Amino acid sequence: MGYHLWIMVLSNEDNRVSKHLKDSAPTDSEVILGILNNSEAALKKLYTAYFPMVLQLIINNNGDADDAKDIYQEAIIVLYNKVKAGDFELSSKLKTYIYSICRRLWLKRLTQINRYGGDIRDFQEFLPIEEEEVEQHNDRNVQFTKMESALKLLGEPCKTIMEDFYIHNRSMQDICERFGYTNADNAKTQKYKCLQRLKKLFFQQK
Amino acid sequence: MPAEAEEIVFSAKIIGDKEMTDNQLLETIERYLNGEMKADERKKFELLRKENAEVDSKVVEHKLFLSLLKQYGERVELESRLNAIHDEIDVHTLKEDLMVHPIWIVQFWRNHHSKISVAASIGIVAFLCTMWFTGKLSSNTNSEIIGLKNKVNRLEGSITTQGRRLNAINSEKSKTAADKYSATATGFAITSDGLIATNYHVVEDASAVSVQNADGVTYKAEVLYTEPQHDIAILKITDKSFQKLGTVPYTFKRADGALAEQISTYGYPDGYPSYLPGSLSSLFGQNGDTLHYKITMPINPGNSGGPLWDSRGNVIGITDSKEAHFEGEHFAIKAKYLLDAIKNIPADSLEDKVVLNKKNTLSGLSETQKTAKAKNFVFMVKVY
């Protein structure tokens, strides 16, 4: 009798904590295919399915909700890029992979801000994550930060011209109309001027 | 004959126009990378690449740079998609569910055990001393003490009443002193530096606006931004005497509130502060529109623009009495539209980016405590 009760209490507790995690978690292959097909719905399902798990990890280990958002989004981006690049092999459950990446990233952040007390309270099983797995991602982040500030320094209209042409693949004609250039040659000259400056600003940064 | 590009480089060198050279070389490289060259031109260019190390390194650099720029664009887009998804999550509620709390008494003991020990030992020493000096405490002195206490309480009570009377007189004074507003409504702080949300219909056609805080102090304000289609207006307190409020105690909830949830508002119907409880009766407004909630709450015209709180103290909407049609049936604009409006404020009309409070300090408090805390962030909007 007492035995029975104990089990009930335990599973109740478990339900309370993980009820959000179980809500319509997508299957792993659904997620991977979804990412490959640029499916917004799959991304949303993925995001909402595992955020509570990561929030739980972070807020019970010296972090707040904003930290959880940052770390979780980084992990999703790592996964996303790996899947897109075609070098993601699902050797464990996706959930475990995401938890492990977040755990790794959070440990690193905690150490950086001197808040790491030596142990971490875990809520899921996890895999060892090798340094290079997150290192590559960090390198790319550094490059992107440089690009962001170079674009900011570049100013308008150059910034928009660069974004329109090189990121959004808008045609030169579109850009001419948007910025009121009377002929395509002027716009072209302006575009290359902007590009030269952008490169200079980018490479000047340490 | 070398490739056209070299010709360009050569001719430009003679002219001495460095910029032209670079631009045209870049253009040639781009055409090459995009596969826009014809076979023979391509061959010539590849030959030039082989012979001229400078051109070759330019091609490599350009290719890498453009792909980085492209990837950067993709990252920005992905991040904004993720942020949009994130905004739909009710992080606050989740957080409360997922936080591992030790039992409160354990936590209390952990945080305060040293203080408790000191207090307890002082208490014991004091008790022993008293026992020593008085011998024993008679029941007579005991009741005297209680009587005194009551008297003091009564005195305190009369002081507060007088204080209140004084306040009332003061506010009457300030009202008559050239403060001739034509209408009043309610507004509430979005940020501690004086951004106030209210209804658009409140400030529509206003020649000036001001806001009055819970202590009866009036500050000049201006209409910073409006979205008439959502009946939302954002005011900014511009008065020099205005000092920053403390941290806003409530948060804003983008997700829909729960049906039948207990809700409340605080505002200035008829120009006097009042608290009103109610319940969330529909997630749809009139004729099923998704801009409004239907609420059961006895609000009055002056309640327009007030904060609608859920039971945890999240702002889930703006009370909007304009839409009232039937007895007891009222509407509130969903907080989602307010959040969007805040995002839409043109950057050049703001000194700083709007940073909304993310920590709800009302959650778990009684209605009395909640209202006492939040009322300092709710203002009477006066329209001239």
Side-chain angles (χ1 to χ4, degrees), chain A residues 16-21 38 40 43-48 51-61 64-66 68-69 72-74 76-77 80-81 84 121 123 140-141 143-148 150-151 162-169 188-193 195-196 198-199 202-203, chain B residues 17-31 33-34 36 58 61-102 251 255 348 355-360:
Chain A
R16 191 178 65 93
V17 170
S18 56
K19 76 173 177 232
H20 304 279
L21 314 189
N38 295 322
E40 196 59 35
L43 188 66
K44 191 171 178 177
K45 256 190 180 176
L46 164 72
Y47 194 101
T48 42
F51 178 69
M53 162 181 91
V54 176
L55 183 66
Q56 187 180 36
L57 169 71
I58 308 284
I59 58 174
N60 289 299
N61 285 291
D64 62 22
D66 284 340
K69 179 182 168 186
Y72 184 55
Q73 293 198 348
E74 290 227 353
I76 297 282
I77 290 169
Y80 187 93
N81 287 334
K84 280 280 186 202
R121 186 170 186 164
F123 298 87
R140 221 193 288 197
N141 278 353
Q143 299 285 314
F144 286 157
T145 317
K146 272 182 165 183
M147 187 62 87
E148 189 184 3
L151 277 167
M162 292 293 95
E163 287 170 347
D164 276 1
F165 190 80
Y166 292 109
I167 297 175
H168 307 306
N169 298 329
K188 221 188 244 173
T189 314
Q190 180 68 27
K191 186 192 90 180
Y192 286 117
K193 260 191 200 166
L195 185 63
Q196 303 273 25
L198 178 64
K199 276 190 178 176
F202 178 83
F203 288 114
Chain B
D17 188 345
K18 180 78 170 58
E19 196 174 80
M20 271 319 272
T21 329
D22 286 346
N23 285 358
Q24 283 175 347
L25 182 60
L26 270 180
E27 193 183 342
T28 317
I29 292 174
E30 273 186 11
R31 284 202 303 124
L33 291 174
N34 293 340
E36 289 164 6
K58 276 224 159 124
E61 180 207 277
H62 194 68
K63 192 176 170 183
L64 285 176
F65 189 79
L66 288 193
S67 99
L68 183 70
L69 187 55
K70 186 97 193 152
Q71 285 171 16
Y72 165 76
E74 286 165 3
R75 167 68 68 87
V76 170
E77 197 225 295
L78 178 60
E79 279 174 357
S80 80
R81 279 163 68 195
L82 293 179
N83 282 333
I85 298 172
H86 189 91
D87 285 345
E88 302 263 313
I89 298 178
D90 183 0
V91 178
H92 185 73
T93 311
L94 265 182
K95 200 174 146 187
E96 285 191 349
D97 284 354
L98 294 171
M99 193 69 168
V100 179
H101 293 289
T251 46
D348 53 6
V355 182
L356 293 178
N357 170 41
K358 284 193 178 131
K359 203 169 167 214
N360 183 337

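Keep in mind the model is a prediction, meaning the values are calculated, not measured. Numbers restart at 1 for each chain; the letters A, B, ... are given by sequence-line order, proteins then strands.
- A:Lys84 has no carboxylate O lying under 4.0 Å from a charged side-chain N of B:Glu74, or vice versa, which leaves the two without a salt bridge.
- With ring centers used as reference points, B:His86 lies under 6.0 Å from A:Phe51.
- No side-chain heavy atom of B:Val76 sits less than 4.5 Å from a side-chain heavy atom of A:Phe144.
- Closest heavy-atom contact between A:Tyr80 and B:Arg81: OH-NH1, 3.5 Å.
- For the atom pair CG of B:Leu82 and CD of A:Glu74, the computed distance is 11.0 Å after rounding to the nearest 0.5 Å.
- In this structure the side chain of B:Phe65 reaches within 4.5 angstrom of the side chain of A:Leu198, judged on heavy atoms.
- The shortest distance between side-chain heavy atoms of A:Leu195 and B:His62 falls below 4.5 Å.
- With chain B as partner, the option from A:Glu163, A:Gln143, A:Lys199 having the largest number of non-hydrogen pairs under 4.5 angstrom is A:Lys199.
- Side chains of B:Leu68 and A:Lys146 form no contact here, defined as non-hydrogen atoms less than 4.5 Å apart.
- Listed here is the closest heavy atom pair of B:Leu98 and A:Pro52: CD1-O, 3.2 Å.
- Residue B:Ile89 touches chain A through its side chain alone, counting heavy-atom pairs closer than 4.5 Å.
- You'll find the side chain of B:Leu78 reaches within 4.5 Å of the side chain of A:Leu43, heavy atoms only.
- At a cut-off of 3.5 Å, with distance as the only test, a side-chain donor of A:Gln73 or B:Asn83 sits close to an acceptor on the other residue.
- Separating the OG1 atom in A:Thr189 from the CD atom in B:Glu27 is a distance of 8.5 Å, to the nearest 0.5 Å.
- For B:Glu30, the part lying under 4.5 angstrom from a heavy atom of chain A is the side chain only.
- At a 4.5 Å heavy-atom cutoff, the contact between B:Leu69 and chain A is made by backbone and side-chain atoms alike.
- The two atoms that bring B:Gly73 and A:Ile167 nearest to each other are CA-CG2, 3.5 Å, heavy atoms only.
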Note to self: The test is side-chain contact (heavy atoms from CB on, under 4.5 Å); show your working for B:Gln71 and A:Met147 and say whether it passes.
What the structure shows: CA-CA 10 Å; B:Gln71 285 171 16; A:Met147 187 62 87; over 6 Å; no
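- Across all non-hydrogen atoms, the minimal contact from B:Lys70 to A:Tyr166 is CD-O, 3.5 Å.
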How far apart are the C-alpha atoms of A:Ile77 and B:Glu79, what are their side-chain angles, what is the distance that settles it, and do they pass the side-chain contact (heavy atoms from CB on, under 4.5 Å) test? CA-CA 8 Å; A:Ile77 290 169; B:Glu79 279 174 357; 4.0 Å; yes
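- Contact check on A:Glu148 versus B:Arg75 returns no salt bridge, with no Lys/Arg side-chain nitrogen under 4.0 Å from an Asp/Glu carboxylate oxygen.
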